[in-house]
Amino acid sequence: VWCISTCNVDLDVDLLYQENSTIGQKISLTEKIVAVLPRMKCPHELQPHQIQGLDCIKIFPVVQWLVKKAMERREEMAQYIRSFSEMQFTKEYTLPSEKEKQQRVEQALIALERFVETHRPN
């Protein structure tokens with residue numbers, strides 16, 4: 001359930017795990033998990049009875065795939081958040097090295113304007 005939630009896939013099901021669930025709630029949860037996997041393009045098939053019966057041979061590859069998918073999603077989100085925070089930072093602040101670079105660009109533009117002005121055809 002954690003991996004499915006972490007993947008942030010658009011799901012129309014409530015995958016809330018409760019420690020003291022009734023058997024009906026557990027069955028409902030396993031059916032929802034099984035229904036979500038094909039939408040996430042999981043390459044492994046799983047049935048609700050395999051989850052309920054703890055069929056580890058069938059569950060293990062699905063869990064491996066889900067964890068891998070969740071970790072990929074976390075990396076994507078980390079990169080996105082880093083890019084966003086860097087963009088926000090550069091809106092407000094300038095690093096000293098960038099100030100120097102900006103000053104050199106401004107000086108080069110002034111020199112270019114002088115050059116164009118002095119060598120303008122008559």
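Hydrogens, waters and symmetry mates are skipped; everything else that's a heavy atom, side chains included, is used. We're numbering straight along the sequence, starting at 1.
Under a hydrophobic-cluster definition in which Ile, Leu, Val, Met, Phe, Trp and Tyr are linked whenever side-chain heavy atoms come within less than 4.5 Å, directly or via other members, Ile51 and Val67 are assigned to the same cluster.
The shortest side-chain heavy-atom distance between Gln50 and Val34 does not fall under the 4.5 Å cut-off. Lys58 has its side chain out of reach of Val62: every pair of non-hydrogen atoms, C-beta onward, lies at least 4.5 Å apart. By the 4.5 Å heavy-atom criterion applied to side chains, Leu46 and Thr30 are not counted as neighbours.
With hydrogens and angles disregarded, a donor-acceptor distance shorter than 3.5 Å links the side chain of Ser83 to the backbone of Gln79.
Rounded to the nearest 0.5 Å, atoms CD (Gln47) and CG (Leu37) are 10.5 Å apart. Rounded to the nearest 0.5 Å, atoms NZ (Lys68) and CE (Met71) are 12.5 Å apart.
Phe60 meets the side-chain contact (heavy atoms from CB on, under 4.5 Å) test with Gln64; sequence neighbours excluded. Scored by the side-chain hydrogen bond (donor to acceptor under 3.5 Å, both in side chains) test, Lys41 finds no partners at all (sequence neighbours excluded). With sequence neighbours left out, Phe84 forms a ring pair (Phe, Tyr, Trp, His ring centres under 6.0 Å) with no residue at all.
For Gln52, the CD atom sits in a packed shell: over 12 heavy atoms of surrounding residues, nucleotides or ligands are nearer than 6.0 Å.
Of all the heavy atoms in Trp65 and Met40, the pair that sits closest is CH2-O, 3.2 Å. Taking each heavy atom of Pro48 and Glu31 in turn, the nearest pair found is CG-CG, 3.9 Å. Nearest heavy-atom pair, Pro61 versus Cys56, reported as atom, atom and distance to 0.1 Å: CD-O, 4.5 Å.
Hydrophobic cluster of Val116: the remaining members, joined at side-chain heavy-atom separations below 4.5 Å, are Leu112, listed by chain and number. Within the hydrophobic cluster formed by Ile, Leu, Val, Met, Phe, Trp and Tyr side chains joined at under 4.5 Å, directly or through other members, Ile23 is accompanied by Ile27.
Screening Lys99, Glu106, Glu98 for a side chain to side chain contact (heavy atoms under 4.5 Å, CB included) involving Gln102 leaves a single residue, Glu106.
Within the structure, salt bridge (Lys or Arg N to Asp or Glu O under 4.0 Å) contacts touching residues 77-95 (residues at least two apart or in different chains) are Arg82-Glu86.
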request  = Kindly determine whether Glu117 and Arg114 satisfy salt bridge (Lys or Arg N to Asp or Glu O under 4.0 Å), including the steps that lead there.
outcome  = CA-CA 5 Å; Glu117 189 67 33; Arg114 285 189 204 145; over 6 Å; no
